[in-house]
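This report refers to the structure that appears directly beneath it.
Heavy atoms only: backbone and side chains are in, while hydrogens, waters and symmetry mates are out. In this text, all values refer to a predicted model and were calculated from it rather than measured experimentally. Residue numbers begin at 1 in each chain, while the letters A, B, ... track the order of the sequences.
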Amino acid sequence: HLGASLKDALKKLAGKTVVDRAAVEELVRDLQRALLGADVNVRLVKGLSEAIRTRSVDEQPPKGMSVREHVLRIVYQELIRLMGSTTDVSLQHQRILLAGLQGSGKTTTTAKLARYFQRKGMKVAVICADTFRPGALDQLSTLCQQIGVTCYGEPGKEDAVAIVKKGLAKLSGTEVVIIDTQGRHALEKTLIDEIIQINTVSKADHRWLVIDAALGQQASEQARRFHEAIDIDGVIITKMDGTAKGGGALSAVSETRSGIVFIGAGETIEDLERFDPDSFISRLLG
Amino acid sequence: LVVGEKEIRAPLQELEMVLLENDVALPVTDEILRAVRERLVGTHRRVGESPDLLVRKALRESLLQVLGKGFDLLEYCNGHKKPVRILFTGVNGTGKTTTVAKVGHYLKEHGCSVVIASGDTFRAGALEQLAIHAERVGIRVIQHQQGGDPSAVLYDAVEYAGAHGVDVVLADSAGRFHNRVNLMNQLEKMKRVMDPDLVVYVDEAVAGNDAVIRAQEFAELVGTDAVILTKADMDSRGGAAVSVAHTVGKPIMFLGTGQGYSDILPFTPELVVSELLG
Ligand SMILES: Nc1nc2c(ncn2[C@@H]2O[C@H](COP(=O)(O)OP(=O)(O)OP(=O)(O)O)[C@@H](O)[C@H]2O)c(=O)[nH]1
Ligand SMILES: Nc1nc2c(ncn2[C@@H]2O[C@H](COP(=O)(O)OP(=O)(O)OP(=O)(O)O)[C@@H](O)[C@H]2O)c(=O)[nH]1
Ligand SMILES: [Mg+2]
Ligand SMILES: [Mg+2]
C-alpha cells in the first residue's frame, strides 16, 4: 500500500543482508517528501525520520526477515504511532462537545454524529451553541429535521453558555447530546474563553476537535491551543472526500495525545465513517 | 567571487524549512528554490556579501514576482461596462458567502451600487445566512427557493441589475469539490449563463498542499481571474498565497482577515514576503 516513489526506494534495500545507511537515507528522504506533501507537520516528519534512521541501524532484523522487510516494518510501525491511540466510541449516556476552526465542518458533523448514534438505536439530541453565525440554527435544525432529531437552540439569543445550560437541563432524559459551537481560532481570546466556559458548564464526556483534511502547517498550533483550553480527547477529520490527505490532522492527534475518532467524507448526513489507520496511511503515502 | 552550488546549499535548505513551515506547498517550494539556485549559480558576488544574504535577496525577488501586483477591484469596476458581473467559486467552507458580503460592503463604501445573487440553493441554511448578511450590509439579495436552479438565480440577478442600473452583481455559489464532476459541471453552467467579467476563486490562507491541487482544478475546469484568500487572521504567515499565486498565475485581490464586514484587505505582496522572510 505504498506510493510509487516509496516502492522504488524500498527496492534499493532488496537483496541486502546488512542495512545500507545510504539506502535507508534515500528511503527516508522519499518518505519525508510524501509526508510533507500531505501536510504532516515539519517537526513530526523530522522526528519520524530520526526514529526510522536510528531503528533501522540499531535494531537487528528478526530471524527470517529480510533487511527490506525489516525496514518496511519499522516505517509502518512509526507511521502507525503517528496515528495516535485508537479511540473507542462508547454507546452510553454521554455529552459530546465539538470545537474547531471556522468552516471546518462542525455543524454538518454534529448532524452526522446524531445520525450515527441514532442508527445504533440511541436517543440523541443536539444543541446549537453557535449564536454568532447567521443562519447557524437554521442550518443545524434543517439537518436534524431530515433525521427527526431534536435540535435545541434559542433564536435571537447571544449567550452561548446559557443556551448550553438550558439545553442540557431540557434534554436531561436524552442519552446522547451533541453540542455544536461556533468556529474560533487560537488568537480569538474571547472565543477561547467562551469554549472553556461551555466545556465547564456542559461537563462534556468528550471534547472532539473537528479539523478540515486540507488544513496545513497551522494545524499544530491551533490544536495545541484548543487542547490547552478544553482538553481535547478525539479528532474528527472532515472533507476526506476531496483530495486532501489529512496530514495536518496528525499534528492535532500529536498535540492532543488522542486519536482520530471519525472521518467525514461527504456533505450528506450519512457520510461519516470510523477511522481506519491502514487506509489512512495508504492515502497519506499514495 | 563566483557563486558556487556548495556555498548556497545551506542557506537554501534553511529557507526551504521556512517556506514549508509557513504553508508554501512542497512542489511550489521546490520550484521556487530550484529557480533561485539556477539564477544564482555562476553569477558573481562581492567579497563582503554573504551567500546567505545573497540567497535571501534572490528569494525575496522571486516571491515578489510570484505573488504579482494584487488587483484593484474599484479601478476595474469603474472602468467597466455595467453591470460588472463577478462569480465567486471555491470548495466547501472557505468563506465565500462571508466574502461576498465583505466585498459588497467594500464596494458600497466606495460608492458602487451592488446586488447579490444567492447562488447556493443547496446547502442547509445557505439562503438564510446570505439573506442576513445582505440585510446587515444594506444590499439587495436576489434569492429563489431552496433546491432551485442556481443558474436561474444568477440570470435573474443580472437582469435585475441591468434593469435598475446597478453597478456590480456579486454571485455566491455553493461550496463544491473539484473531484465532483456533476458539481463542477453545474458551476460551469452557472458561468455560461451569467457570463461573468470576473471569476474570483476563494480559498483559505490556512490550507496546505491541497490548495495547489484545487486551485489548479478550478482554474482548468471553470477558469479563475483573481483569488481571495480568507482566514489570514488565523496567524497564518501567507504561504498559501505563494502556493496559489504560483499555481494559478492570477492576482490575489483581497485577504480576508476576520469575520466582520470590514475584515478585508487589498492584497499587498510586500507584506506577505516580509512575514515569510522577516
Ligand atoms: N464534501 C464535504 N463537505 C463537507 C464535509 N463536512 C462539511 N462539509 C461542508 O463544508 C462546509 C462547512 O461546513 P459547516 O458544517 O458549516 O462548518 P462549520 O465548522 O460548522 O462552520 P462554522 O460554524 O462557520 O465554523 C459546508 O458546505 C458543508 O456542507 C465533508 O466531509 N465533505
Ligand atoms: N477568522 C475568519 N473566519 C472567516 C473568514 N472568512 C469567513 N470566515 C468564517 O468561515 C466560516 C465559513 O464561512 P462561509 O462564508 O459560510 O464559507 P463558504 O465558503 O460560503 O461555505 P460553503 O458555502 O458551505 O461552502 C464562517 O464561520 C465565517 O464567519 C476570515 O477571513 N477569517
Ligand atoms: Mg457551524
Ligand atoms: Mg457559502
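Counting heavy-atom pairs closer than 4.5 Å to chain B, the top residue among A/Gly135, A/Pro134, A/Gly103 is A/Pro134. For the set A/Leu140, A/Thr108, A/Leu101, A/Thr107, the entry with the most heavy-atom pairs within less than 4.5 Å of chain B is A/Leu101. Per-residue heavy-atom pair counts under 4.5 Å with chain B were compared for A/Gln222, A/Gln146, A/Glu188, A/Lys239, and the maximum is reached by A/Lys239.
Between A/Tyr116 and A/Phe262, the ring planes lie perpendicular to each other; the angle is over 60°, past the 30° to 60° tilted range.
For A/Leu215, the parts lying under 4.5 angstrom from a heavy atom of chain B are both the backbone and the side chain. The part of B/Asp30 that comes within reach of chain A is its side chain, from C-beta onward, which places non-hydrogen atoms under 4.5 angstrom from that chain. Looking at A/Lys106, neither its backbone nor its side chain comes within 4.5 Å of chain B, counting heavy atoms on both sides. For a residue to count as touching a neighbouring chain, one of its non-hydrogen atoms must lie under 4.5 Å from one of that chain's; by this rule B/Ala25 does not touch chain A. Heavy-atom distances place no part of A/Ala186 under 4.5 Å from chain B, backbone and side chain included. The part of A/Glu267 that comes within reach of chain B is its side chain, from C-beta onward, which places non-hydrogen atoms under 4.5 angstrom from that chain. With a 4.5 Å cut-off on non-hydrogen atoms, A/Asp241 touches chain B through its backbone and its side chain both. Residue A/Arg43 touches chain B through its side chain alone, counting heavy-atom pairs closer than 4.5 Å.
Inter-residue side-chain proximity for A/Leu98 and A/Ile179 is flagged as unmet; no heavy-atom pair is nearer than 4.5 Å.
Among residues 115-124 of chain B, the residues having any heavy atom closer than 4.5 Å to a heavy atom of chain A are, in sequence order, B/Phe122, B/Arg123, B/Ala124.
Aromatic rings of B/Tyr201 and B/Phe218 (six-membered ring for Trp) have centroids within the 6.0 Å cut-off, being under it.
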